[in-house]
Amino acid sequence: MTAAAVATVPDREALLQTARGLRERRRIPEALTTLARLEALHPGFSRLYQERGHCLVLTGNAPAALEALQTAVRLNPTLPACWDMLEQIHRMRGEAARADEAGRQLAVLKQLPAEIVMADSLFADGDLAPAEAVLRDYLDRDGDNVGARRLLARILMEADDLEGAEGLLEQVLARAPDYHAARLDHAMVLLQRQKPLAARQQAAQLLAQDPDNRDYLKQYAAACVALGDHEPVIDLYARLLEGLPSGPEAAELRMWRANALKIMGRQAEAIADYRAALAARPDHGVAWFSLANLKTWRFSDDDIARLRAADDRPDLQDMDRVYLAFALGKALEDEGDHAGSWACYERGNALRRAAGRHRPDVAEACAARLKRVFTREFFAARAGWGVADPAPIFILGLPRSGSTLIEQILASHSSVEGTQELTEIGRYAIELCGRDPDCGLPLEPEAMGRLTVAQVETLGARFLDETRTYRHLGRPFFIDKMPNNFWHIGLIHLMLPNAVILDVRREPMACCFSNLKQLFGTTNHAFTYGIEDIARHYRTYLDLMRHWDAVLPGRVLRVPYEDVVEDLEGGVRRMLDHCGLSFEPACLTFHETPRGVRTPSSEQVRQPIGREGLTQWKHYEPWLGPLRDALGDALTGYRT
């Protein structure tokens with residue numbers, strides 16, 4: 001539990017106890033006023049609605065009591081007192097079927113150990129630490145209870161202890177292989193731990209038992225998406241949509257299907273599904289943003305009016321407001337209203353930044369520690385370590401640097417397969433060094449200095465084995481296009497000394513502006529939501545890349561984005577030479593190469609190369625003075 005959560009629990013519990021004490025003294029109006037205050041602070045707290053039900057029963061207001069109690073069990077089904085009151089009220093009102101259902105729910109809870117009911121109830125209200133304590137104490141006495149172990153695993157999942165949750169679920173399934181709910185949890189944990197193949201295998205086992213189960217189908221589809229296997233999920237989502245009435249679930253499924261269609265280059269069908277998602281939910285911010293994120297799509301005047309209307313809603317969810325700000329920014333940019341567009345981008349960035357935890361000083365400190373660990377002497381002492389396989393090609397740099405273009409060019413070669421932004425290298429670094437909670441970067445890079453030759457070789461072999469999952473074409477070389485791997489060049493060289501590494505670098509004003517106008521779908525790029533943050537990150541990137549160039553001279557090929565735009569064939573030949581590959585004309589007609597592309601540039605790389613990306617930022621020059629100042633000498637030194 002976070003420090004903030006711990007701090008709020010006593011206030012929440014104190015208010016509940018106050019309301020309970022007032023009820024016991026029959027001061028019902030004061031109790032209800034206290035509960036209203038508690039609801040304003042903690043609207044998802046189930047026990048406040050249970051207490052409200054108690055109060056309303058005493059006033060004789062059965063309809064209001066029913067409403068409160070039903071809210072309580074919707075939030076938290078493990079409240080015996082609620083089910084007991086619901087059964088009694090329904091019987092009093094002559095609603096036998098509803099009374100019987102409440103009675104069945106109560107009977108189920110009475111059959112369970114009291115500790116499990118208590119832990120489940122605490123978990124439902126977000127009290128993770130107390131719930132975990134109750135369960136661990138219980139399991140010390142009854143370690144064979146697989147239901148308790150599964151519940152503890154779910155609590156650990158919520159607390160972000162995915163490794164602990166995975167271990168517990170493995171124990172549960174070893175004892176009870178037919179425990180399908182635990183297997184579904186296991187598939188979810190595996191996916192969160194970036195083990196998509198194992199997650200898909202678990203989902204496939206579940207589907208073998210129940211082929212039409214919607215939760216199993218969705219989990220299987222999510223694992224396919226994580227594996228980069230988008231073609232089958234298009235039909236799978238269509239199957240889930242059959243007979244489904246319009247509503248929130250239909251909107252989500254349309255979104256997911258549209259994303260898969262977009263990745264596979266079926267733009268017209270993707271647009272139709274995004275439109276269908278908006279028909280199901282007109283204020284669906286992510287659907288509006290996804291249309292904008294096609295880059296080549298232009299909104300109509302009617303679309304812009306609908307966007308503004310959705311954005312003006314006072315009850316909009318925070319993330320929907322962020323999505324709409326970036327979508328409206330793109331719509332106004334296409335209209336030539338750069339002042340209005342910048343105001344939207346600025347607002348979206350401020351909202352997104354306020355929800356994040358990025359700290360530029362942490363990233364700068366991590367770069368300094370990496371430089372102290374990975375010296376010329378470090379690499380000289382470990383020459384010849386790792387696995388000599390030359391198959392991987394790492395394309396790295398900053399987001400929005402042109403790396404998707406370079407990937408598409410190289411993946412058009414008959415010997416190279418493009419995969420996706422693979423997470424393995426970053427995961428290994430975190431396993432070895434720990435993870436900084438603010439930036440997600442290695443916490444103790446010094447740990448890499450303690451690796452043995454055998455451990456390094458194992459890591460190299462592990463990378464080649466785990467990434468085989470993403471290679472479907474049987475080509476001798478494959479691309480890992482994770483931009484953040486620039487942090488891990490030292491580890492990459494140690495593990496895979498013959499791998500190719502390309503650093504795609506874009507002029508700083510263009511690159512930073514492109515990041516400021518882009519909303520990313522993950523938390524990996526929290527540094528992109530503020531002018532000072534992105535400028536400092538760009539400078540940190542330059543500093544670390546200069547270090548890699550100094551301690552590993554010639555190891556990384558720098559690929560200036562502008563040079564490739566100005567002289568495509570020259571840039572292509574230079575890259576292929578560095579990769580040891582012969583020239584192929586298909587690399588010049590990269591936009592004709594049929595393949596899935598998952599990044600925001602997916603539609604742009606399906607068109608011939610253009611120059612608009614070189615100067616697009618100039619439309620916003622009146623508002624980018626602070627960015628220019630923050631970049632400082634990076635503006636002239638980025639090529640060195």
Side-chain angles (χ1 to χ4, degrees), residues 36-46 48-49 67-68 70-71 74-75 126 241 244-259 262 270-295 297-356 516-523 525-526 528-530 600 620 623:
R37 180 183 166 204
L38 179 54
E39 182 180 5
L41 294 169
H42 303 282
F45 182 31
S46 68
L48 86 84
Y49 300 100
E67 183 180 354
Q70 286 164 350
T71 300
R74 176 176 55 79
L75 293 168
L241 281 160
L244 186 69
S246 181
E249 185 183 3
E252 291 303 315
L253 288 168
R254 288 289 181 189
M255 269 295 310
W256 296 340
R257 186 170 186 270
N259 289 340
K262 169 195 168 184
I271 290 169
D273 265 353
Y274 287 134
R275 289 290 193 188
L278 288 169
R281 185 186 154 199
D283 64 346
H284 199 4
V286 68
W288 283 113
F289 171 74
S290 296
L291 280 170
N293 208 33
L294 289 170
K295 307 302 184 189
W297 168 264
R298 291 182 68 96
F299 290 106
S300 68
D301 290 343
D302 179 62
D303 288 329
I304 294 174
R306 292 175 63 199
L307 266 169
R308 290 190 188 278
D311 191 41
D312 285 341
R313 286 186 52 171
D315 59 341
L316 204 60
Q317 295 291 317
D318 288 347
M319 200 58 212
D320 278 320
R321 199 169 296 284
V322 172
Y323 282 123
L324 288 169
F326 279 93
L328 192 52
K330 176 62 167 63
L332 296 178
E333 180 179 356
D334 289 341
E335 292 288 300
D337 179 4
H338 297 110
S341 170
W342 176 252
C344 291
Y345 288 142
E346 195 170 38
R347 177 162 55 89
N349 277 313
L351 290 168
R352 195 72 178 92
R353 189 177 189 276
L516 287 168
K517 60 173 280 192
Q518 179 64 51
L519 176 63
F520 293 95
T522 70
T523 57
H525 304 319
T528 64
Y529 300 116
Y620 295 82
W623 304 281

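Note that the structure is a prediction, hence the values are computed from the model and not measured.
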Partners of [X] by side-chain contact (heavy atoms from CB on, under 4.5 Å), sequence neighbours excluded?
| X | value |
| --- | --- |
| Thr71 | Tyr49, Arg74, Leu75 |
| Glu249 | Arg214, Lys218, Leu244, Leu253 |
| Ala339 | Asp337, Trp623 |

Could you label the plane-to-plane angle of the [X] and [Y] rings as parallel, tilted or perpendicular, counting under 30° as parallel and over 60° as perpendicular?
| X | Y | result |
| --- | --- | --- |
| Tyr620 | Tyr345 | tilted |
| Phe289 | Tyr323 | tilted |
| Phe520 | His525 | perpendicular |

Determine whether [X] and [Y] make a side-chain contact, defined as any pair of heavy atoms from C-beta on separated by less than 4.5 Å.
| X | Y | answer |
| --- | --- | --- |
| Lys295 | Asn293 | yes |
| Asn349 | Phe326 | yes |
| Leu516 | Thr528 | no |

Taking all heavy atoms of [X] and all of [Y], pick out the closest pair and write down the distance.
| X | Y | value |
| --- | --- | --- |
| Ala325 | Cys344 | O-CB, 3.3 Å |
| Trp288 | Pro282 | NE1-O, 3.0 Å |
| Leu332 | Arg308 | CD2-NH2, 3.5 Å |
| Ala250 | Pro245 | CB-O, 3.7 Å |
| Ser290 | Met255 | OG-CE, 3.4 Å |
| Ala251 | Ala277 | O-CB, 3.6 Å |

### Task
List for me each residue that meets salt bridge (charged side-chain N to carboxylate O under 4.0 Å, His left out) alongside Glu252, sequence neighbours excluded, and say none if there are none.
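So Glu252 forms no salt bridge (charged side-chain N to carboxylate O under 4.0 Å, His left out) with any residue.
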### Message
If the condition is salt bridge (charged side-chain N to carboxylate O under 4.0 Å, His left out), which residues does Asp315 pass it with, not counting sequence neighbours?
### Response
Arg313
### side-chain contact (heavy atoms from CB on, under 4.5 Å) between Ile304 and Leu328, intermediate numbers included
CA-CA 7 Å; Ile304 294 174; Leu328 192 52; 4.2 Å; yes
### Pair Asp311 + Arg347, salt bridge at N-O below 4.0 Å
yes
### Query
Hey, is CD on Glu67 packed in by over 12 heavy atoms from elsewhere, all under 6.0 Å?
no
#### Entry: For Asp334, side-chain hydrogen bond (donor to acceptor under 3.5 Å, both in side chains) partners two or more places apart
Lys330
#### Entry: side-chain hydrogen bond (donor to acceptor under 3.5 Å, both in side chains) involving Arg281 - partner list, sequence neighbours excluded
Asp283, His284, Asp320
#### Entry: side-chain contact (heavy atoms from CB on, under 4.5 Å) between Arg306 and Leu278, worked out
CA-CA 10 Å; Arg306 292 175 63 199; Leu278 288 169; 4.3 Å; yes
### Query
After noting the C-alpha distance and the side-chain angles of Ile271 and Lys262, does the key distance pass the side-chain contact (heavy atoms from CB on, under 4.5 Å) rule?
CA-CA 8 Å; Ile271 290 169; Lys262 169 195 168 184; over 6 Å; no
### Message
I need the Glu346 CD to Arg353 CZ distance, nearest 0.5 Å.
### Response
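The distance works out to 12.5 Å.
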### Summary
In this structure, OH of Tyr529 is separated from CZ of Arg352 (nearest 0.5 Å) by 5.0 Å
### Summary of side chain to side chain donor-acceptor pair (under 3.5 Å) pairs that have at least one residue in residues 271-280, sequence neighbours excluded
Arg254-Asp273, Arg257-Asp273, Asn259-Tyr274, Arg275-Asp303
